[in-house]
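Below, read A as the first sequence line, B as the second, and so on, with proteins coming before strands; counting in each chain starts at 1. Since this is a predicted model, take the numbers as computed values, not measurements.
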2 protein chains.
Amino acid sequence: MNKINRKVEYALIALKHMRAKAPGELTAAKEISTLYGCPFDVMSRVLQALGKRGLVRSEQGAHGGYQISRDLAKVSFYELNEMLLGPVAVAKCLHEEAGEPSCEMRGKCNIVSPVTTLNRKLIEFYRGLSLAELLDPRHASVQSRIPTNIAQAAADAAAVAEQR
Amino acid sequence: MNKINRKVEYALIALKHMRAKAPGELTAAKEISTLYGCPFDVMSRVLQALGKRGLVRSEQGAHGGYQISRDLAKVSFYELNEMLLGPVAVAKCLHEEAGEPSCEMRGKCNIVSPVTTLNRKLIEFYRGLSLAELLDPRHASVQSRIPTNIAQAAADAAAVAEQR
DNA sequence: CTAAATACGACTAAAAAAGACGTATTTAAA
DNA sequence: TTTAAATACGTCTTTTTTAGTCGTATTTAG
C-alpha cells in the first residue's frame, strides 16, 4: 500500500550507488542493473530522465556512464518525483469539473476538498525531505533539511517541537 | 502522480460530510454518493470497512446509516490508510528475497535500501497527521497533531523550527 | 572497425485500482 | 405482514496504471 513508484525506487538505488564513488567517476547503467538485479532498460530510462533534468551528467560512448551533478542535500524528494513522474498528485477535487485548471476561490472556499489539503501537506513533506537525508539516514537532519517557503510548515514543526 | 487512493479520498469526503452533522445524526451512503457524485457501491464499501474498524458506527434497516464514532483529532491518516488498504507500503528492498518477512540485520546493515528509509519517514508523516487536521485546515495544528513515539520525528521537527 | 555505452520510440504484459452486479439481511413504517 | 430503504458482502469485469521488452540509432574509446 502507498507503494513507492518503481522508477523512483530505482533512482534512489542508483543515486546511492553513485554517491559512494569517487568524484568524476562514471557508472554505467548496466553496472547498477546487474548489481541490484533490476531490468537494465528501466534503470537506463530512469538515468536518462535524470540526465535530462540535470540531476546526473551523462557521458556517451564506450566507457561512458553517469555521475551525480548536483548536491543531493539540496535536491528534494519532491523534485525527484517530479523529474520521473511529473508534478505530484493534486487529485482533482470532486467539487470541481474535470478540466477546470485552477480556481481562484481556492483558499477561501469552505468546501475545499480534504484531498486538496492532503496533497498540499504531502507536497510540503516531500519538499522538506532531501535526497541526502534519504540516502544516508545518519546524515544529520539539520543540514539536509530543505526549508520550505510555506509558513504553515514552520508553524507545524514548532507545534511538534513544543510537544516534547 | 503519487495519486491518493480513491477509497481514502471517498473516506475523507464522507467523514467531512458526517462531521458537519449534529451528534447522533445518521448519514446514508446514498446521501453522500449522490451529493458528491461518486459511485454508491464504492462509497458503501468504504463506509462498511470503516464500520468494521470502529471509526464509524452503522445502523441497519430503514432510516439507517453511519455516524462517526471516534474523535478525529485522535485518529491519524496512517490509521485511515491502514483501515482501507492494509499496512502502509514497506516496499520490498531489492536486496532481500521476496517472502522473507523481516531481517534482523535491518538497522545495522549498511546496504539498507533508501526505500526503507523513505517508507519509515512516510509512515512517520502519516502517523503525525490527524484526520481532524486534514478535514479542517483551520483546526489548529497544535491540538490535532498526534505525537509519534519515534525520537527522530521530534529531532527533525526541532531542526525545522530552528531554521526560522 | 568494433565493442560498449547512452538515447529513445513504440509496443506488450502484468498488476492494481475502480467500479458493477447480484443477493442477503435488517428495520421502520404503512 | 408487507414493503421500502437501508446496510452487508461475495464475485466479477473493466479500466487504468505501472512495469518491462524490443528494436534501432548514435556516440566514442581503443
Side-chain angles (χ1 to χ4, degrees), chain A residues 1-11 13-14 18 25-67 69 81 84-86 88-89 91-92 94 98 115, chain B residues 1-11 13-14 18 25-67 69 81 83-89 91-92 94 98 115:
Chain A
M1 250 320 79
N2 281 282
K3 225 176 43 189
I4 288 142
N5 186 286
R6 199 64 73 86
K7 285 184 197 168
V8 173
E9 200 173 312
Y10 291 155
I13 286 165
M18 290 191 286
E25 191 176 350
L26 294 177
T27 306
K30 191 168 189 180
E31 176 182 329
I32 303 176
S33 69
T34 54
L35 187 54
Y36 300 96
C38 60
F40 166 77
D41 270 36
V42 181
M43 177 56 79
S44 195
R45 271 167 199 292
V46 165
L47 287 166
Q48 282 164 36
L50 297 184
K52 265 196 171 176
R53 307 307 191 97
L55 181 55
V56 303
R57 201 179 67 75
S58 74
E59 215 162 278
Q60 287 189 319
H63 303 127
Y66 301 90
Q67 69 185 127
S69 60
N81 266 269
L84 296 171
L85 311 169
V88 164
K92 66 181 171 202
L94 288 179
V115 173
Chain B
M1 257 319 82
N2 283 282
K3 225 177 44 188
I4 287 143
N5 186 286
R6 200 63 75 85
K7 285 183 198 170
V8 174
E9 201 174 312
Y10 291 156
I13 285 164
M18 290 191 284
E25 192 175 352
L26 295 176
T27 306
K30 192 168 188 182
E31 176 182 327
I32 304 175
S33 69
T34 54
L35 187 55
Y36 298 97
C38 61
F40 167 77
D41 270 35
V42 182
M43 177 56 79
S44 195
R45 271 168 198 292
V46 165
L47 287 165
Q48 283 165 34
L50 298 183
K52 264 195 170 173
R53 306 307 189 96
L55 182 55
V56 301
R57 200 178 68 75
S58 73
E59 216 162 277
Q60 286 189 319
H63 304 126
Y66 301 90
Q67 70 186 125
S69 60
N81 267 269
M83 289 177 186
L84 295 171
L85 312 169
V88 164
K92 65 181 174 203
L94 287 179
V115 174

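- A:Leu50 has its side chain within reach of A:Leu84: a pair of non-hydrogen atoms, C-beta onward, lies under 4.5 Å apart.
- Checked against C:dA7, D:dT7, D:dG20, the side chain of A:Val42 finds its nearest nucleotide in D:dG20.
- Residue B:Tyr10 places none of its side-chain N or O atoms closer than 4.0 Å to OP1 or OP2 of C:dA17.
- The nucleotide whose nearest atom lies closest to any side-chain atom of A:Arg6 is, among D:dC9, D:dA19, D:dA4, D:dA19.
- In this structure, the nucleotide among C:dA16, D:dT7, C:dT6 sitting nearest to the side chain of B:Ala28 is D:dT7.
- Between the CG atom of A:Leu85 and the P atom of D:dT16 there is a distance of 19 Å, given to the nearest Å.
- Judged by distance alone, with hydrogens and angles left aside, the side-chain atoms of B:Ser44 form no donor-acceptor pair with the main-chain N or O of B:Asp41 at under 3.5 Å.
- Judged by closest nucleotide on DNA chain D, B:Gly61 is the one of A:His63 and B:Gly61 placed further toward the 5' end.
- Side-chain proximity of B:Ala62 to C:dA28, C:dA10, C:dG19: nearest is C:dA28.
- If A:Asp41 and A:Gly64 are placed on DNA chain C by their nearest nucleotide, the residue sitting closer to the 5' end is A:Gly64.
- Considering only the side chain of B:Lys3, D:dT17 comes nearest among D:dT17, C:dA16, C:dA7.
- Between B:Ser44 and D:dA8 there is no side-chain N or O to OP1 or OP2 distance below 4.0 Å.
- Here CG of A:Leu55 is found 7.5 Å from CE of A:Met18. Values are rounded to the nearest 0.5 Å.
- The residue among A:Lys52 and B:Gln60 whose nearest nucleotide of DNA chain C lies closer to the 5′ end is A:Lys52.
- To the nearest 0.5 angstrom, A:Cys38 atom SG is 7.5 Å from A:Ile32 atom CD1.
- Of the candidate nucleotides C:dT6, C:dG9, C:dA17, C:dA17 has the atom lying nearest to any side-chain atom of B:Asn5.
- For the atom pair CG (A:Leu85) and NZ (B:Lys3), the distance works out to 12.5 Å, reported to the nearest 0.5 Å.
- Backbone-only engagement by B:Gly65 is indicated by non-hydrogen atom pairs under 4.0 Å involving sugar-phosphate atoms exclusively.
- The separation between A:Phe40 atom CZ and C:dA5 atom C1' is 8 Å, rounded to whole Å.
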